[in-house]
Q: 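Sharing a structure, written as structure tokens. Questions coming.
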Number of protein chains: 2
Amino acid sequence: MTIEQGSYESPIDRSVFDQFAARLAGDLPRPTVVETMTALLRQEIIDGAYGPGTRLPEESLSKRFRISRHSLREAMRLLVHERLLVHETHRGVRVRTVDVHDLGEIFAARRVVECAAVERASDDGAALAVVRAAVREGQQAAEAGVWATVGTADLHFHQAITALAGSSHLDELMRRLLAELRLALHVLADPRRFHEPYLERNDEIATLLERGDRTAAASALRTCLDDAERQLTAAVAA
Amino acid sequence: MTIEQGSYESPIDRSVFDQFAARLAGDLPRPTVVETMTALLRQEIIDGAYGPGTRLPEESLSKRFRISRHSLREAMRLLVHERLLVHETHRGVRVRTVDVHDLGEIFAARRVVECAAVERASDDGAALAVVRAAVREGQQAAEAGVWATVGTADLHFHQAITALAGSSHLDELMRRLLAELRLALHVLADPRRFHEPYLERNDEIATLLERGDRTAAASALRTCLDDAERQLTAAVAA
DNA sequence: CCTTGTTCAACTGTTGAACAATATCCGGTC
DNA sequence: GACCGGATATTGTTCAACAGTTGAACAAGG
């Protein structure tokens, strides 16, 4: 996997921006330009629209979406804060590249948070139902053969696991960790080979949780995380 | 405790800004205006310079520090992202007010993270030394009678506890949780009465950790957190 | 008395232009 | 090929301007 070092160029995309703004406007008042831009950029980045390390020059991007440099800068600053972009003074921002060390830190945090969530899970039927739903989401995507969606479902599964702890702060932390992790997922050569085994393993974890056997669930979860870290580390190192 | 609803006004303070920038410049190249402003505002907020709910109008603040509205906006947006400020479209930003519900969420996350850190602590002598140092910092501040510093030392203690997990992500989460918590600490009528008992309790936890008795340490820590939450909840509710 | 416009001042959201500061590229020199 | 100076491109920062909203004061009407 080569590292994309160029910078993204494109003609005017104001329509994409407006469309995204409309989608955000689903509920409350018209979203702000900065809010829209932040959400749009975030989506594009985690979708892998700009390979790791890609420069995002202020002028081209602001022209592309027909927004001012100021609004764009505010949006990018937020994404830097979320660790999806990295910023160097007078050198601009680039899409974050997740290296082996980063992976280690991500999984270290995940082990603590997810395992704790499982061990201390309250008997919350609703929260467990979300876990089960994520498992099914993955199985259906697998039947349809859409392996990218299987990957997304796997992230949903772990987000649901975290939610068992009932802490919005931990939910938010996991949201960011998984977004960061998704950056690394783009380097996978064979998504199916990576994701498929976890369908059954997640199913088993969900079943153990439904039976109330938290210790066994935590143990299985920990093994999953260890394996995933090993595989991803190998993939990223290559 | 009355809730400050006014907005902060003050004459020009460019000197304060420059001084802070110089302090930040200790190591690397001259810090950016936005970086400086973010750090300065963050410090002022957690020091309680602007009571909870205080409005921070863009124009007065930017004039006060002689920086542009844009730079100020970027700084404030970051602090909103850190949950120290809250933002409402067209209504500006206010200093966050931590209510009883927020306290519950903060402590729920702290219980998970800190207890997990203690239970899974590696036998890292350096990390334990930091814990011990925080205990001593509190004891010395108590001897000097500076109870605000005792409170700060207590936060350092819990930060050091979290560091036992060896995860930069968890360290960062705890940094934010404790910053949020500090907002609530300002409502304490009698800091000494609140902080003093924890000097000995923290000492005991550190001792248990040094002996390698993680289970007992985790148990003691959990009790501490429960008590602190109860006290703070009562204080905030009043 | 309460509710419903109406008006106005204050503030935020957003943009464009301009200039300073710095990094990067490029050609010349040794 | 390594080092140096200047041209160029980007980022950092400010100022000025204007459209949109909010909040409050106030008038009109039931």
Q: Check the distance between C:dA21's P and B:Glu35's CD and give it to me in whole angstrom.
A: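 Those two atoms, CD and P, are 17 Å apart.
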Q: Taking 4.0 Å as the cut-off, does a side-chain nitrogen or oxygen of B:Arg55 come that near to OP1 or OP2 on C:dT12?
A: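 Yes.
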Q: When the nearest nucleotide of DNA chain C is assigned to A:Ile67 and to A:His90 on a heavy-atom basis, which residue is associated with the more 5' position?
A: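 Nearest nucleotide further toward 5': that of A:Ile67.
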Q: Find the distance between CG (A:Leu170) and CG (B:Leu173) and round it off to the nearest 0.5 Å.
A: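 Those atoms lie 6.5 Å apart.
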Q: Select one nucleotide: of C:dT12, C:dT15, D:dT14, the one nearest the side-chain heavy atoms of B:Pro57.
A: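 The closest nucleotide is C:dT12.
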Q: Does C:dA21 have its OP1 or OP2 closer than 4.0 Å to a side-chain nitrogen or oxygen of B:Arg30?
A: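 No, B:Arg30 has no side-chain N/O under 4.0 Å of OP1/OP2 on C:dA21.
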Q: Can you name the one residue among A:Lys63, A:His70, A:Arg73 that meets side chain to side chain donor-acceptor pair (under 3.5 Å) with A:Glu58?
A: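 In the set A:Lys63, A:His70, A:Arg73, the residue that makes a side chain to side chain donor-acceptor pair (under 3.5 Å) with A:Glu58 is A:Arg73.
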Q: Roughly, in whole Å, what's the span from NE2 in A:His70 to C1' in D:dC18?
A: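 Taking atom C1' of D:dC18 as the reference, NE2 of A:His70 is at 14 Å.
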Q: Could you state the atom-to-atom distance from CE of A:Met76 to C1' of D:dT10 in whole Å?
A: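 For the pair A:Met76 CE and D:dT10 C1', the rounded distance is 11 Å.
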Q: Nearest-Å distance, CZ (B:Arg91) to C1' (C:dT12)?
A: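 My rounded result for the distance is 12 Å.
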Q: B:Ser71 side chain N/O closer than 4.0 Å to the phosphate oxygens (OP1, OP2) of D:dT14?
A: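 Checking B:Ser71 against D:dT14: at least one side-chain N or O falls below 4.0 Å of OP1 or OP2.
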Q: Using atom CZ of B:Arg73 as one end and atom P of C:dG13 as the other, report the distance to the nearest whole Å.
A: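 Result: 5 Å.
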Q: Select from A:Arg69 and B:His87 the residue whose nearest nucleotide in DNA chain C is closer to the 5' end of that strand.
A: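 The 5'-side residue here is B:His87.
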Q: From CD of B:Glu88 over to C1' of D:dG20, roughly how many Å is that when rounded to an integer?
A: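 One finds 17 Å between C1' of D:dG20 and CD of B:Glu88, rounded.
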Q: Looking at B:Arg192 and B:Trp147, would you say the former's side chain and the latter's main chain have a donor-acceptor pair under 3.5 Å?
A: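 The answer is no, because no donor-acceptor pair under 3.5 Å joins these two groups.
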Q: Between B:Phe17 and B:Met37, does the side-chain contact (heavy atoms from CB on, under 4.5 Å) criterion hold? Intermediate values first, please.
A: CA-CA 7 Å; B:Phe17 180 91; B:Met37 195 65 229; 3.8 Å; yes
Q: Can you confirm whether more than 12 heavy atoms, excluding those of A:Arg193, are under 6.0 Å from its CZ atom?
A: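 It does not: A:Arg193 CZ has 12 such atoms or fewer within range.
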Q: Rounded to whole Å, please give me the gap between CZ in B:Arg94 and C1' in C:dT12.
A: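 Whole-Å distance recorded here is 14 Å.
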Q: Please state how far atom CZ in A:Arg14 lies from atom P in C:dT14, giving the value in whole angstrom units.
A: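 From A:Arg14 CZ to C:dT14 P: 10 Å.
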